[in-house]
Every structure is written in C-alpha cells, then in structure tokens.
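Report on the following structure.
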Amino acid sequence: MNGLARLYNGRIIKYKPDIPVKRSFVGNITQDGEGTIWVTAAGMLFRVKNDKMQHVPINDDPDIFITSLAVNSTGSLYVSVYKKGIYRLKGQKWEHVIDIDSQFSEQIIKRIFFDRFDKNKTYLLTRSGLLCARNGMAKPLDEKNITGKIKGQLLCIEQDADANIWLGTDNGAYCIMSDGVIHYNSSNGLTDNSVPDIYFDADKNLWLGSLGNGLYRCEGDRYTVFDRTQGIPESKIVMSVTEDWNKNVLMGIDGAGLLRYDGKKTSEVPVPIGSPYLKGVQSLYTDKNGTVWIGTGQTGLWQYDKKGFRQVKNSSSFACNFITADDNGTIWLGTSMGCFYYQNGGLKQLEGIPPYSVCNA
C-alpha cells in the first residue's frame with residue numbers, strides 16, 4: 001500500500017509514483033530483456049528509473065486499467081488491459097496484439113503465460129477460466145471440454161517438461177494433457193488446499209506450493225512432500241471467525257470447512273454429503289437473526305442455521321471473499337465477480353463495479 005521497496009546492501013530503498021495515485025499497492029513486478037523493472041499500481045503502469053516509479057501511459061488512453069504483466073522469451077514486455085486485450089511494447093510504441101472474445105472481455109486477466117513449446121500460443125489466466133490465444137484472438141481452451149472439468153478459482157499456471165499445462169486452484173491442482181485432464185488432490189497424493197504457486201526448475205522438476213499442507217515436488221509420477229517433518233510448519237488456514245446462534249465460536253478453514261469452539265473444546269462441523277467444495281471457506285458472517293452466511297471459493301454462498309445448510313441460488317459461479325450487512329440488514333458480498341447484495345432469496349449485482357475480486361469493505 002506504500003509503493004515499491006528494494007533491499008540493497010542491507011538497506012531498504014523506497015520508490016514512490018511520480019503522479020498522484022489513490023493507492024500505491026504494487027500488484028505486479030517484472031523485468032524486461034533490457035533490465036528495466038516494470039510495476040503496476042492502481043491499474044497503471046510504471047517504470048522504475050532514477051529512484052522513481054515513472055508513469056508510462058499506453059497510447060495516451062486515460063481509461064486503460066492494467067491487470068497483469070509478462071515478459072516473453074525475447075525480453076518483450078506484454079500487458080493485459082481490462083476490456084481491451086493484450087498490448088506489447090515495441091521500441092517506444094504499444095501494439096495491440098491479442099483481442100479477447102467479446103463474451104469473455106470483462107474477465108480480469110491475472111496472468112499472461114507463453115507456451116514454451118509452441119511460440120504461437122499464449123495462455124491468459126482468469127479467476128474462473130483459461131483462455132488460449134492464437135493468431136491474435138483469445139478464446140476458451142475448450143478442447144475435450146477442458147474448461148468444464150476444472151472447478152474453482154484458478155490461482156496460477158505453469159508448464160512441465162512434457163508440455164502439459166498445470167493450474168493451481170483453491171482445491172489442489174489440475175494437469176491439462178493432450179488426452180484429458182487430471183485433478184490432483186488428497187485422493188491421489190496432493191492436497192485439497194489451495195495451490196497458489198507452481199514453479200518449474202532447471203532440473204525439470206515441478207514444485208507446487210500449498211496453503212497449509214507444505215511444499216510438493218513432482219518428479220514424474222511421484223511426489224516428495226516437504227512439510228513439518230522437514231521443518232515446514234503445517235497449519236490450518238483460518239480465513240474467518242464468527243459466532244453461531246448459541247454464541248459458540250465458528251472458524252472458517254480453507255480446505256477443512258468449519259470448526260466450532262464451545263468454550264471447552266473444538267469440533268468439526270459436518271457439511272452436507274456431496275458438497276466437498278463447501279470446505280473451502282473464505283468468509284463468514286452472522287446476521288441479526290443468527291443465520292451464519294458462508295462464503296466459499298468454489299460453491300458460492302451458503303446459509304447455515306439450526307435447520308442446516310442451504311446454498312443460495314445462482315451463487316456457485318464465483319468466490320465469496322467478504323460478507324457484511326448494512327444498517328437495514330441487507331447482506332452484501334465482495335466476490336470474484338464484483339459486488340452483490342442479497343434480496344428476495346437471490347443475489348443482485350451492484351452495477352458499476354468491475355468484475356474483479358472485492359476483498360473487503
């Protein structure tokens with residue numbers, strides 16, 4: 001929230017934007033082939049030069065909102081622009097190089113990833129889907145119904161030595177191969193927790209970092225797990241805390257559902273059979289009637305009271321990151337698709353809020 005900092009010779013060097021910005025939160029950092037450091041803040045692009053973050057406009061367009069940066073194998077800088085596609089810096093000029101199919105143009109591009117085996121193929125990662133760009137146009141990667149087999153929020157992307165694409169999600173990882181998709185979770189040796197980062201090393205090993213379950217190294221068809229036995233602490237990630245109708249403490253655990261503390265002991269709250277993704281709790285809120293509202297990463301919004309669990313209709317397509325209520329008792333949600341409120345048994349979207357993640361209010 002306070003700009004960019006660099007550790008150099010044991011001291012911290014701070015860099016501030018050279019123009020006024022509402023928030024100096026740095027969202028992306030990369031280095032191009034010439035050694036220039038590029039960052040984003042408040043949806044704008046900055047170049048680090050002369051101890052400053054120098055604002056770099058794209059074609060003098062004031063409506064540009066940048067969501068991610070990437071550098072390809074030749075060192076060229078690429079930027080994703082909300083609703084406008086992908087631009088590339090060539091010399092001193094910006095070229096528009098990738099359009100996005102109109103029905104997906106409002107999705108936030110979190111990551112630009114260049115295929116290492118096919119130079120004509122570029123992947124664009126959003127929270128809910130994977131787009132593939134060829135010949136200047138990005139469309140869903142829908143070969144063999146791939147997108148329909150991948151559930152939950154997409155967190156990261158990588159490619160292994162066999163050209164397979166790996167996606168880290170909030171419920172393990174997916175491997176996209178030429179003949180189908182494999183979901184790696186606790187049932188086949190990985191984890192049900194979030195996998196926010198995947199790294200491909202020089203020895204062609206794939207490393208998968210999880211939230212709370214340690215680090216995994218994939219060597220062909222087997223895993224090596226680096227967890228608390230190797231000194232990495234294992235912990236449950238508590239995402240949110242609230243009280244139930246009996247004043248017991250409820251804890252929302254990412255990957256483990258709900259835990260209840262009654263003042264003496266902690267116990268797991270059973271979730272409905274057939275709803276494994278309900279265990280990916282992201283947020284909790286108890287309203288004035290004692291109903292607990294549960295925001296999840298893959299199955300939307302749920303209500304929980306003395307009668308049990310109920311899923312709110314039409315909420316399963318996005319992640320609920322924050323829940324609160326106004327003075328009138330209306331429930332408000334910060335989600336991966338913008339801001340919503342609950343009315344007459346369903347959710348209505350607040351117009352004018354872009355569909356990127358709203359984390360708090």
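There is a side-chain donor-acceptor pair under 3.5 Å between Thr242 and Thr286. Counting only N and O atoms by type, the side chains of Asp170 and Ser194 include no donor and acceptor under 3.5 Å apart. Counting only N and O atoms by type, the side chains of Thr74 and Asn72 include a donor and acceptor under 3.5 Å apart. Side-chain atoms of Ser80 and Thr67 include a donor-acceptor pair closer than 3.5 Å.
A donor-acceptor pair under 3.5 Å links the side-chain atoms of Asp32 to the main chain of Glu34, judged by distance alone. The closest donor-acceptor contact from the side chain of Ser68 to the backbone of Ile109 lies under 3.5 Å. Between the Asp201 side chain and the Asp203 main chain, a donor and an acceptor come within less than 3.5 Å of each other. Panel note: side chain Asp18, backbone His55; a donor-acceptor pair is recorded below 3.5 Å. Judged by distance alone, with hydrogens and angles left aside, the side-chain atoms of Ser240 form no donor-acceptor pair with the main-chain N or O of Ser283 at under 3.5 Å. Put simply, the side chain of Thr126 never gets that close to the backbone of Ile108: no donor and acceptor are under 3.5 Å apart. Side-chain N or O atoms of Thr40 include none that pairs as donor or acceptor with a backbone N or O of Met44 at under 3.5 Å. Remark: the backbone N or O of Asn164 is not paired with any side-chain donor or acceptor of Asp162 at under 3.5 angstrom. Checking side-chain atoms of Asp115 against main-chain N and O of Asp118 turns up a donor-acceptor pair under 3.5 Å. Remark: side-chain polar atoms of Ser315 are paired, donor with acceptor, to backbone N or O of Leu301 under 3.5 angstrom.
Aromatic ring pairs are classed by plane angle as parallel below 30°, tilted from 30° to 60° and perpendicular above 60°; the pair Tyr304 and Trp245 is perpendicular. Using a 30° and 60° split on the angle between ring planes, Tyr174 and His183 fall in the parallel class, below 30°. The aromatic rings of Trp166 and Tyr184 lie parallel to each other, their planes meeting at an angle below 30°, with 60° marking the opposite boundary.
Side chains of Lys110 and Arg127 form a contact here, defined as non-hydrogen atoms less than 4.5 Å apart. When side chains are defined from C-beta on, Leu130 counts as touching Ile176, because their heavy atoms get closer than 4.5 Å. For the pair Asn28/Thr30, no side-chain contact is recorded, criterion being any heavy-atom separation below 4.5 Å from C-beta on. Inter-residue side-chain proximity for Leu124 and Arg111 is flagged as unmet; no heavy-atom pair is nearer than 4.5 Å. Counting only heavy atoms from C-beta outward, the side chains of Phe117 and Gln159 approach each other to under 4.5 Å. At a threshold of 4.5 Å between non-hydrogen side-chain atoms, the residues Leu190 and Asn185 do not count as touching. Side-chain contact between Ile112 and Ile86 is present, with heavy atoms from C-beta onward closer than 4.5 Å. The closest side-chain heavy-atom distance from Leu258 to Val271 is not below 4.5 Å.
Legend: residues meeting side chain to side chain contact (heavy atoms under 4.5 Å, CB included) with Ser105, ordered by chain and number and at least two apart, are absent.
With hydrophobic clusters built from ILVMFWY side chains whose heavy atoms lie under 4.5 angstrom apart, Val81 does not share a cluster with Met137. Connection of Phe200 to Val195 is established within a shared hydrophobic cluster, with ILVMFWY side chains joined at heavy-atom distances below 4.5 Å, either directly or through further cluster members. Val56 and Phe46 are not part of a single hydrophobic cluster, where members link through side-chain heavy atoms under 4.5 Å apart.
In this structure, the separation between OH on Tyr285 and SG on Cys320 is 15.0 Å, given to the nearest 0.5 Å. With rounding to the nearest 0.5 angstrom, the CD atom of Gln153 is 9.0 Å from the OG1 atom of Thr296. The distance from atom CZ of Phe340 to atom CG of Asn314, rounded to the nearest 0.5 Å, is 10.0 Å. Atom CG in Leu131 sits 12.0 Å away from atom OH in Tyr123 (nearest 0.5 Å). The distance from the SG atom of Cys339 to the CH2 atom of Trp332 is 5.5 Å, given to the nearest 0.5 Å.
Pairs engaging residues 54-73 under the salt bridge (charged side-chain N to carboxylate O under 4.0 Å, His left out) rule: Asp61-Lys84 [sequence neighbours left out]. Applying the salt bridge (charged side-chain N to carboxylate O under 4.0 Å, His left out) rule to pairs touching residues 255-271 yields Asp244-Arg260, Glu268-Lys279, sequence neighbours excluded.
Among the candidates Leu250, Ile253, Ile294, the single residue satisfying the side-chain contact (heavy atoms from CB on, under 4.5 Å) test with Val281 is Ile294. With Tyr15 as the partner, the side-chain hydrogen bond (donor to acceptor under 3.5 Å, both in side chains) test is satisfied by one option alone out of Arg6, Lys52, Lys49: Arg6.
The two residues Pro196 and Gly209 come nearest to each other via the heavy atoms CD-O, 3.0 Å. Here the closest non-hydrogen pair linking Trp302 and Pro272 is CZ3-CG, 4.3 Å. What you find for Tyr82 and Glu106 is that their closest heavy atoms are CE1-O, 3.2 Å. Nearest heavy atoms, Lys313 versus Gly345: CE-O, 3.5 Å.
When the shell of 6.0 Å around CD of Gln343 is examined, it contains more than 12 heavy atoms from other residues, nucleotides or ligands.
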